[in-house]
Every structure is written in C-alpha cells, then in structure tokens.
Protein chains: 2
Amino acid sequence: MSRPEPVSRRARPAKPPLSRGAILDAAVAVVQKEGAAKLTMRRLASELDTGPASLYVYVKNTTELNALLIDRHLGELDLTWGESEPWRDRLERVLDDYARLLASQPGLAAAALVTWPDGAHYLDLLELLMRLLRSAGVTGERAARGVDLLLQYATASAAEWAARAGGEQELSDLAEILDAADPHRHPELHAAGAALFTAGSPEERTRWATRAIVDGILASAPGGA
Amino acid sequence: MSRPEPVSRRARPAKPPLSRGAILDAAVAVVQKEGAAKLTMRRLASELDTGPASLYVYVKNTTELNALLIDRHLGELDLTWGESEPWRDRLERVLDDYARLLASQPGLAAAALVTWPDGAHYLDLLELLMRLLRSAGVTGERAARGVDLLLQYATASAAEWAARAGGEQELSDLAEILDAADPHRHPELHAAGAALFTAGSPEERTRWATRAIVDGILASAPGGA
DNA sequence: ACCTGAACACCGTTCAAGT
DNA sequence: ACCTGAACACCGTTCAAGT
C-alpha cells in the first residue's frame with residue numbers, strides 16, 4: 001500500500017478485452033513495428049494474445065480490416081478547407097497527402113484500390129473533393145466522376161510507389177528494356193528512349209498528372225456522356 | 001502396326017519437358033479452367049505433373065509469371081493502327097481492350113499495377129499509344145507521361161472491375177453509406193446522393209474518364225512542369 | 001548439370017467444442 | 001452467449017539430396 005499509483009504505472013493488463021477499437025490499435029502497432037505486409041489476421045491475433053478465430057467476432061475479413069485501418073489513418077489527415085487557399089493548391093495537397101498515406105504502408109494502397117474505405121473520414125475526403133470541384137465550377141455527375149477519377153489516380157500511384165519501394169522491380173530494369181527497343185518495330189520508343197519515361201521525380205510526375213486530370217475534368221463536357 | 005498414326009493420336013506424352021513456353025501454356029490452361037485467382041505456383045506445378053520447385057528453374061517468381069502471362073495475352077490483341085481510324089477512337093478502343101483483358105482474370109490487373117509486363121507485346125502497346133498521341137500533337141516527355149497515365153487508368157479500372165466481379169463489396173453497400181451521409185457534416189454528399197456516384201454503366205464511365213484524361217493531356221503545358 | 005522431394009515458414013477462414 | 005483451439009485447405013520459396 002506504500003505506492004500510490006500502482007494502477008497507472010502498470011495499467012496495461014496482460015489481456016485487455018477484445019473490441020473493434022482494441023483490434024485496430026493492435027493493427028496500427030503491428031504495421032508500425034513490422035510494416036503493412038506483416039499485418040495478417042494471425043499476426044494480429046498473436047499481438048492480442050489470442051487465436052485468429054477471435055478476430056472474426058469483430059472484423060468480417062481481411063478486406064474489412066484494411067478498410068477500417070485506412071479510415072483510421074484518414075482521420076489523422078487535415079481534411080478541412082478554409083477557402084483562403086486556392087482550390088487547386090488545396091486539391092493537389094490533399095491528393096498528395098492521401099497518396100502518401102496509402103504508400104506509407106505497402107498493403108494499404110492495394111486494399112484501397114479494391115475496397116471502399118467506408119468510414120466517416122473517407123466521407124470527409126469525398127466531401128472535401130466535392131467542395132473543391134464545386135468551387136472550380138464542376139458539379140453534379142461530372143464532379144462525382146471527377147472525384148472518382150482523382151482518387152483512383154492517387155490510389156494507383158500509391159500502389160505503384162509502394163511496389164517500387166518494396167523493391168520488386170527496379171526502374172533500371174524498365175530502362176534497359178526500353179533502351180533495347182528495336183528501331184524498326186518500335187521507332188517511337190527508340191526515338192524517345194528510356195529517359196523520357198523515367199524523367200522527373202515521383203513528386204513532380206504526380207503533380208503533372210494531377211494537373212492533367214483536373215484540366216481534363218474542367219474540359220470535359222458538362223452535360224455528361 | 002495396323003494403326004497408321006499412333007503417334008499423332010496420342011502425341012501428348014504424360015510429361016512433356018518443362019520450358020518457359022510449356023509453363024506458360026499450362027498457366028493459360030489453369031486460368032481458363034479455374035480463374036486467375038487459382039493460378040499459383042503449386043497449382044501450376046500440379047498441372048505440369050511436377051513439384052513447385054521445378055518451376056523456379058524457368059520463372060523467377062510469381063510476379064514474373066504474371067508479367068509473362070500478361071504479355072502473352074497482349075499478343076492476342078490488335079495493336080496496329082492504319083490511320084484510317086481517327087486517333088481518338090483508336091486510343092479509346094485499345095485502352096478498352098487492354099482493360100478488358102486485365103479484368104478478364106482477377107489476378108492480372110493487380111499484377112499489372114505492380115509490375116511492368118515487360119515483353120515485346122507490351123512494347124507494341126507503348127509504341128501504339130505514343131504514335132496515337134503524336135498524331136494528336138503530343139510528343140516527348142508529355143507523351144511519355146500521358147501514356148503512363150492512360151495505362152495506369154486502364155489498369156486501375158480493370159483491378160476495380162475484377163474486384164467488383166469477385167463480389168467483395170457490392171455497389172449497393174456504397175450506395176447505403178452515401179445515402180446515410182449526414183446533411184450537416186457532408187452537405188455535398190447529402191445533396192449529391194448515392195445515385196451520382198453509381199450513375200452510368202462501367203463502359204460509359206470509362207469512356208468519360210478516358211476522354212477526360214486525354215483532354216487533360218492535350219491541355220497540359222507542352223513544356224512540362 | 002539438371003531437377004525435385006520435402007521442408008520451412010507462413011496464410012485466411014470455419015466450426016465444433018468448451019466456458 | 002460468447003469465445004477459441006484446432007483443423008482445413010491452402011500459399012511462395014529454398015535447398016539438400018538425388019539422378
């Protein structure tokens with residue numbers, strides 16, 4: 001009884017009760033420690049000192065787990081817009097933030113491509129993009145499709161970066177292939193050379209692509225079709 | 001000796017010798033029979049009546065296997081252009097063909113997103129796209145980035161379709177989430193409604209997106225940056 | 001030299017059985 | 001009612017050992 005705060009000092013019990021929240025916390029911890037590739041139901045269960053079966057009481061499957069995790073990280077992003085920042089700058093910034101978020105953990109981007117990270121924070125992201133496009137004069141169906149397209153680009157880019165960082169295939173491999181292009185069968189590629197396809201930093205390339213897509217949305221016929 | 005063509009009638013021996021070609025043939029057969037999700041090294045080995053280790057003599061890993069398979073299917077596509085067809089129609093057609101090809105087999109699109117399908121046929125595809133963009137007045141670095149962007153879109157779309165067809169998540173789930181958008185926190189989404197995001201057939205949406213991207217490439221500054 | 005059986009180190013998901 | 005041990009049905013990749 002001499003120590004006044006034994007509870008706060010050793011507050012974590014060996015096995016806190018399971019819950020969606022606790023599972024997500026553990027998932028974040030696993031990803032931080034070992035990377036998203038290691039985030040599996042089994043690894044997650046062992047982090048929580050239980051068997052994998054127990055997780056299925058709270059999470060439907062791996063896809064849902066990833067969707068929950070993405071939404072959680074989305075909550076850490078700034079998804080507001082004060083309108084003092086030009087819409088185009090804000091749009092580029094939020095897409096860059098989103099892509100970085102997904103790319104930071106290899107498995108996330110692939111998951112986002114295939115599943116809707118359906119949560120409150122994802123809706124915040126959609127809402128922000130819709131607002132930004134509206135202020136650019138794009139509304140209705142065209143805006144919805146634009147948002148779709150922009151997010152798809154950000155997600156696919158992130159998946160690419162993550163794969164590249166994972167080291168599967170080097171950019172130099174690609175360069176080699178292009179440099180070997182037969183001048184008769186592939187005159188354009190031969191003339192262009194590999195440098196063209198690998199020029200610029202990823203950030204700079206992304207900025208170019210985002211601008212091109214936004215320009216495309218602005219240029220597309222307002223009536224749809 | 002009474003039968004004249006015993007060899008041709010039972011030409012296939014129980015175990016044809018392994019080779020890159022034979023492995024790829026077997027891969028095509030497996031995918032045709034059971035879908036690309038079932039195309040695994042182990043399943044492929046069993047199709048060839050051998051152990052999985054044997055495949056590694058000819059194929060570096062699963063990623064390379066998928067890249068080879070994509071290039072093989074690319075060989076079945078028409079990648080020529082007679083210039084009688086308007087460049088924009090031809091461009092939309094080839095992207096649609098490519099996306100359909102990748103979507104036809106769930107695992108392929110995901111693989112293409114992460115790996116360069118480095119083969120002669122993939123170079124044909126790049127060459128065709130470069131030619132089409134050139135005839136639209138886009139050359140050099142801008143063309144290279146445009147090709148990159150167009151292919152990324154086609155690949156990501158295919159990955160999405162394939163996932164949807166795989167049935168992971170219904171469009172109706174998404175509609176439910178959007179319909180439940182809080183009018184105060186998400187006024188744009190609330191006003192837009194789920195219908196906006198799900199309007200139109202996939203084909204029609206793809207056509208819109210392709211056009212928007214092409215418009216964007218045309219609009220983007222020729223000087224780069 | 002070439003090939004491969006068997007092993008290593010994992011997966012996601014289910015369900016019968018326990019508390 | 002809630003939870004989970006154990007099993008089912010798989011993975012990719014490596015390497016020592018065989019021919």
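Note that the structure is predicted; figures quoted are calculated from it, not measured. Naming: A, B, ... by sequence-line order, numbering from 1 per chain. Computed from heavy atoms alone, side chains included, the values below leave out hydrogens, waters and symmetry copies.
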Q: Could you point out which residue of A:Asp148, A:Leu95, A:Thr206 forms a side chain to side chain contact (heavy atoms under 4.5 Å, CB included) with A:Tyr153?
A: A:Thr206
Nearest to the side chain of [X], heavy atoms from C-beta on, is which of [options]?
{"X": "A:Asn61", "options": "C:dT13, D:dT4, D:dC3", "result": "C:dT13"}
{"X": "B:Ala53", "options": "C:dC11, D:dT14, D:dT4", "result": "D:dT14"}
{"X": "A:Ser54", "options": "C:dG12, D:dT4, D:dT13", "result": "D:dT4"}
{"X": "A:Arg42", "options": "D:dG12, D:dA7, D:dT4", "result": "D:dA7"}

Using whole Å, what does the distance between atom [atom2] of nucleotide [N] and atom [atom1] of [X] come to?
{"X": "A:Leu18", "N": "D:dT4", "atom1": "CG", "atom2": "P", "result": "6 Å"}
{"X": "B:Leu44", "N": "D:dC10", "atom1": "CG", "atom2": "P", "result": "16 Å"}
{"X": "A:Lys60", "N": "C:dT14", "atom1": "NZ", "atom2": "C1'", "result": "16 Å"}
{"X": "B:Met41", "N": "C:dA7", "atom1": "CE", "atom2": "C1'", "result": "18 Å"}
{"X": "A:Tyr58", "N": "D:dA1", "atom1": "OH", "atom2": "P", "result": "16 Å"}
{"X": "A:Arg43", "N": "C:dC10", "atom1": "CZ", "atom2": "P", "result": "11 Å"}
{"X": "A:Lys38", "N": "C:dC10", "atom1": "NZ", "atom2": "P", "result": "8 Å"}
{"X": "B:Leu55", "N": "D:dT13", "atom1": "CG", "atom2": "P", "result": "11 Å"}

Q: Ignoring backbone atoms, test whether A:Tyr56 places a side-chain nitrogen or oxygen under 4.0 Å from the OP1 or OP2 oxygen of D:dC3.
A: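 Indeed not, no polar side-chain atom of A:Tyr56 lies that close.
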Q) C:dC10 phosphate, OP1 or OP2: any side-chain N/O from A:Thr40 under 4.0 angstrom? A)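 So the side chain of A:Thr40 is outside the cut-off, no N or O lying under 4.0 Å from OP1 or OP2 of C:dC10.
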Q: Write down the distance separating the C1' atoms in D:dC11 and C:dC8, rounded off to the nearest Å.
A: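 It works out to 12 Å between them.
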(Q) The test is side-chain contact (heavy atoms from CB on, under 4.5 Å); show your working for B:Leu151 and B:Tyr98 and say whether it passes. (A) CA-CA 9 Å; B:Leu151 287 176; B:Tyr98 182 56; 3.8 Å; yes
Q | Nearest heavy atoms of A:Ala156 and A:Leu113, plus distance in Å | A | N-CD1, 4.1 Å
Q | Assigned partner base of C:dG5, Watson-Crick or wobble definition, under 3.5 Å | A |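 Partner of C:dG5: D:dC15.
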Q | Polar side chain donor-acceptor pair, A:Asp182 to A:His190, under 3.5 angstrom | A | no
Q) Can you check whether A:Val59 reaches A:Met41 side chain to side chain, under 4.5 Å on heavy atoms? A)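 They are in contact (side-chain heavy atoms under 4.5 Å apart), so the answer is yes.
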